[in-house]
Number of protein chains: 2
Amino acid sequence: MTSSQTSQIYERLRAAILSLDLLPGERLTERGLEIDFAASRTPVRAALMRLDAEGLVVRGPRGFAVAPIDATEIGELAELREAVETAAVRSAAVRASDSEVAALSELLEAARHTADEAGVVQAGGRFHVELAALSGNSMMTDSVRGAMTRLARTRWLEGRTPESREQAWREHREIVDAVATHDADLAATLVAAHIRGTNDRLQQFLAGQQLALRSRGLTIVRNLPPLGSP
Amino acid sequence: MTSSQTSQIYERLRAAILSLDLLPGERLTERGLEIDFAASRTPVRAALMRLDAEGLVVRGPRGFAVAPIDATEIGELAELREAVETAAVRSAAVRASDSEVAALSELLEAARHTADEAGVVQAGGRFHVELAALSGNSMMTDSVRGAMTRLARTRWLEGRTPESREQAWREHREIVDAVATHDADLAATLVAAHIRGTNDRLQQFLAGQQLALRSRGLTIVRNLPPLGSP
DNA sequence: TGTACCGTTTTGGTATACCAAGAAGAATAC
DNA sequence: GTATTCTTCTTGGTATACCAAAACGGTACA
């Protein structure tokens, strides 16, 4: 946080989008945000362009809108993650030092007892990024980070049960252990299964809750949003 | 090309960077570009932000600079590509229709007889993007596109011999054939070998030509550029 | 001759005024 | 009552002026 207005607006907008405080599909006009944030259009535009690059907002012929949540995109991201994260965890299992693995393990332990809902989701995303970082490959790490960012809203939306949370935590634990013992094949298998399982649950949830969500005012799980419609 | 000034400046800057007309490490001041392009700073800034998101320019405490060519980054991109493109080509081999494969094959044939040097490099990059697109996964396709963009300068710099060009073309041909026969394993193996081979040649080239390139005024193959030094 | 200090210049960050294009709405003709 | 056209208003795109911070250069002093 460089504390420049651009950064502040970016951070706040990003948080609002990821926490679903700004609903998917909601239009974002430069002049509206200018008023909301009590700033000029210049930093607002800069923040929007950053968010556009991240895929959190989309550009239409008529300005910006909060990126819709698209079940197809989520599935595609799961495929991408499986490819990248399995390769990353293989590298990690081979080259990560004991202290690096220990640090990740500690992060995992700390996340176990996180109280607030939002913190759990954030911790889950961060785990995957830090795990990828153990590969030493910053390109892979950035790829995973981008994917987790795009998935953050959906994961938050899912509102996991304590049981599913515990399951996810256990799977993370197993992955770290596999990395710690330098078992690349096992680690990769576990990662692939974890991502697949998570995505399956996510897709099932989205399909099942589609109507309920829509009634809450969320235009979720639509493919190729028209963006010009009300 | 929306013909807005932002887009035009973006396109021209991008072309200048990729063709090494603007040297890696060269500083780009907003006011300097403002003069060069006979436009105001607003579209210049917007274009720079886009290029920043693409990784073609980097931000320092003192403005922007053309992204340096970093051998480490190139290696990391090769790893990322191997992970993503093998997964993508597997999907492509399974689901791509005959007509889609035929279109890619045609693209390949057309590229064979491209005369100009720049066209060959561009065609090579495009082949990989279009191949990834056959997976039907736009996230993977975008990932590959981003990687090819970052690699474009180095590939251009390499200045392949007609023999190596022919070899690359043959490997591409084999990959397409494997996809056409729906042999996912073979296609993935060929893609992995192709990417590895290309990267090995690239790394060897960079290591060997490092001094020669530097004498040509190119500050290439430096890791973690200070950006504040002369 | 070396060093420290101060003014100047250049930089990115920001605010804001202006413009053309297009959407929305009202008024009018039928 | 409906359709059409014209006006008005909102939108993003652009130009530009201003600001603070930081780099640069020159000068004065030791």
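So you know, we letter chains A, B, ... as the sequences are listed, proteins then strands, and number each from 1.
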Spacing between A:Arg27 atom CZ and C:dG22 atom P, to the nearest angstrom: 15 Å

side-chain N/O B:Thr29 vs C:dT10 OP1/OP2, d < 4.0 Å: no

Side chain to side chain contact (heavy atoms under 4.5 Å, CB included) between B:Val66 and B:Leu56, intermediate numbers included: CA-CA 6 Å; B:Val66 177; B:Leu56 293 183; over 6 Å; no

Quiz item: A:Arg45 side-chain donor-acceptor pair to D:dG12 base, under 3.5 Å: no

A:Ser40 side-chain N/O to C:dA15 phosphate OP1/OP2 under 4.0 Å: yes

Closest-nucleotide ordering on DNA chain C, the 5'-leading residue of A:Thr42 and A:Arg31: A:Thr42

Gap between atoms CD and P, on B:Gln5 and C:dA21 respectively (whole Å): 14 Å

Neighbour count >12 (heavy atoms, 6.0 Å) for atom CZ, B:Arg12: no

Euclidean distance, atom CD of residue B:Glu30 to atom C1' of D:dA15 [Å, nearest integer]: 14 Å

Between the protein and nucleotides 20-24 of chain D, are there any N/O to N/O pairs under 3.5 Å, and if so, what are the atom names and distances?
none

Closest-nucleotide 5' rank along DNA chain D - winner of A:Leu28 and B:Ala39: A:Leu28

Neighbour count >12 (heavy atoms, 6.0 Å) for atom CD, B:Gln122: no

A:Ser4 side chain near C:dG12 phosphate (N/O to OP1/OP2, under 4.0 Å): no

Spacing between B:Tyr10 atom OH and D:dG13 atom P, to the nearest angstrom: 16 Å

Parallel, tilted or perpendicular, as decided by the 30° and 60° cut-offs, for the rings of A:His172 and A:His128: perpendicular

Salt bridge (charged side-chain N to carboxylate O under 4.0 Å, His left out) assessment of B:Arg150 paired with B:Glu54: CA-CA 8 Å; B:Arg150 284 176 148 89; B:Glu54 273 187 290; over 6 Å; no

Flag for A:Glu34-A:Ser40: side-chain donor and acceptor within less than 3.5 Å: no

Integer-rounded Å distance: D:dT16 P and B:Ile35 CD1: 13 Å

Whole-Å gap separating P (D:dT10) and CZ (A:Arg41): 14 Å

B:Ser7 versus B:Ser4, side-chain donor and acceptor atoms under 3.5 Å: yes

No-H, no-angle donor-acceptor pair, B:Arg59 side chain to C:dG12 base, under 3.5 Å: no

Nearest-Å distance for atom pair CG/P, residues A:Leu33 and C:dT14: 15 Å

Sugar-phosphate only, base, or nothing, as touched by B:Leu48 at under 4.0 Å among non-hydrogen atoms: nothing

